[in-house]
**Student:** 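First the structure, then my questions, so here it is.
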There are 2 protein chains.
Amino acid sequence: MTTVSENDHINLLRQHDLRPTRQRIALAGLLFNAPCRHVTAETLRAEVAAQGIPMSLATIYNTLNQFSRVGLLHEINLDDNVRYFDTNTDHHHHFFDPKTNDLIDIPAGAIGLRSLPEAPDGRSVERVDVVIRLA
Amino acid sequence: MTTVSENDHINLLRQHDLRPTRQRIALAGLLFNAPCRHVTAETLRAEVAAQGIPMSLATIYNTLNQFSRVGLLHEINLDDNVRYFDTNTDHHHHFFDPKTNDLIDIPAGAIGLRSLPEAPDGRSVERVDVVIRLA
DNA sequence: AGGCAGTTTAGAATAATTTTAAATTATTTC
DNA sequence: GAAATAATTTAAAATTATTCTAAACTGCCT
């Protein structure tokens, strides 16, 4: 009864020193089967519930944070004070629709940044994030 | 006892259909005397307290939201789930230091954006926000 | 199978913000 | 200028998102 992608996810978890527990495998299944997803703890909880998988909200938060920490997810903060998690961990940018809170990925190469200002004093640039807000 | 800048702030408030109450005048004084400030409800509350002005936290939140609504402030959301308010309402970008949560303004002209992707279907671009995250 | 460490869980705790309804204060009217 | 009116402020409760706690559970190693 163990599907192919389930085994992939078990390996993925092991590679990141995360025990492949039932709930982590289920969440990996929801997150990593589609190519690029944007979820919050609540949207993910709704999906989990829709599949009838029993899981506490604390586990969803813990798992999102763990996946983030090991680099399987990327965290984004937008207007509403809710954490979004993006399964696309490549460097990229976003369209954001403030009406629906929808996010759409933009590959890093699709936006050309010319003439970035110097970082202050001894600091360096870690990353440049562009959000194109839609009307 | 009414200072020049206080009268300016009273006019500013009136221009935006906000009654010049004691607390709105005090907050305008703290916010709009310096050229460009980044505050949160809590940092502003600390300043208010330091000046010995009695004011409830709810009023600070209400006022920040009202100033924002009429365009006197601009709201920014960053890593920590706290709302920042920027007294610079021109279109501009930011350096952000995740260690200290400091924000530094970057004038819009200092960043050249080439080749923005098309907005999806019938949507249009409202604004482009660039955050340069420092390490 | 047994034991241990890592996980999950329900529920309490925390943090940021908003709401409520009563008290206060700025404006309007006389 | 004082009374009436409507907007504002306030303390406290409510709400929302998230984290923490300590007990129960489960994967893993032998």
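Numbers restart at 1 for each chain; the letters A, B, ... are given by sequence-line order, proteins then strands.
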**Student:** D/dT18 phosphate, OP1 or OP2: any side-chain N/O from A/Tyr61 under 4.0 angstrom?
**Tutor:** yes
**Student:** Please report, rounded to the nearest Å, how far the P atom of D/dT8 is from the CD1 atom of B/Ile60.
**Tutor:** 17 Å
**Student:** Please answer whether the main-chain N or O of B/Val128 pairs with a side-chain N or O of B/His91 as donor and acceptor at a distance below 3.5 Å.
**Tutor:** yes
**Student:** Enumerate the residue pairs fulfilling ring pair (Phe, Tyr, Trp, His ring centres under 6.0 Å) with a member in residues 47-76 of chain B, sequence neighbours excluded, ordered by first and then second residue.
**Tutor:** B/Phe32-B/Phe67
**Student:** Can you tell me if A/Asn81 touches the phosphate of C/dT17, counting only side-chain N or O atoms and a distance under 4.0 Å to OP1 or OP2?
**Tutor:** yes
**Student:** What is the distance from CZ of B/Arg45 to C1' of C/dT18, rounded to the nearest Å?
**Tutor:** 16 Å
**Student:** For B/His94 and B/Asp129, which I'm curious about, is there any donor-acceptor pair between the side chains at under 3.5 Å?
**Tutor:** no
**Student:** By nearest nucleotide on DNA chain C, pick out whichever of A/Gln66 and B/Thr40 is the more 5' one.
**Tutor:** A/Gln66
**Student:** Are B/Ile106 and B/Val131 connected, step by step, through hydrophobic side chains (Ile, Leu, Val, Met, Phe, Trp, Tyr) whose heavy atoms are closer than 4.5 Å?
**Tutor:** no
**Student:** Quick one: which of D/dA11, D/dT18, C/dA16 gets closest to the side chain of B/Ser56?
**Tutor:** D/dA11
**Student:** Check the side chains of A/Asp105 and A/His93 for a donor-acceptor pair under 3.5 angstrom, ignoring hydrogens and angles.
**Tutor:** no
**Student:** Generate the contact string for nucleotides 25-30 of chain D. Rules: B means base contact, S means sugar-phosphate contact only, - means no protein heavy atom under 4.0 Å.
**Tutor:** -SBS--
**Student:** Is the phosphate of D/dT19 approached by A/Arg83 (side-chain N or O, under 4.0 Å from OP1 or OP2)?
**Tutor:** yes
**Student:** Among the clusters formed by ILVMFWY side chains lying less than 4.5 Å apart, do B/Phe85 and B/Leu18 turn up in the same one?
**Tutor:** yes
**Student:** Nearest whole angstrom, please: distance from the C1' of D/dT8 to the CD1 of B/Ile25.
**Tutor:** 13 Å
**Student:** Check whether any side-chain N or O of B/Asn62 sits under 4.0 Å from OP1 or OP2 of D/dT8, and answer yes or no.
**Tutor:** no
**Student:** Between atom CG in A/Leu13 and atom P in C/dG6, what is the gap in whole Å?
**Tutor:** 17 Å
**Student:** What does A/Asn65 touch in the nucleic acid at a heavy-atom separation under 4.0 angstrom: a base, only the sugar-phosphate, or nothing?
**Tutor:** sugar-phosphate
**Student:** So, is A/Arg24 close to the C/dT7 phosphate, meaning a side-chain N or O under 4.0 Å from OP1 or OP2?
**Tutor:** yes
**Student:** Measure the distance from OH on B/Tyr84 to C1' on C/dT17 and round it to the nearest whole Å.
**Tutor:** 15 Å
**Student:** In whole angstrom, what separates B/Glu75's CD from C/dT17's P?
**Tutor:** 9 Å
**Student:** May I have the distance from B/Leu57 (atom CG) to C/dT17 (atom P), rounded to whole angstrom?
**Tutor:** 9 Å
**Student:** Could you walk me through whether B/Glu75 and B/Arg83 pass salt bridge (charged side-chain N to carboxylate O under 4.0 Å, His left out), step by step?
**Tutor:** CA-CA 7 Å; B/Glu75 201 178 327; B/Arg83 292 200 157 88; 2.5 Å; yes
**Student:** Expressed as a whole number of angstroms, how long is the span from A/Arg69:CZ to D/dT19:C1'?
**Tutor:** 13 Å
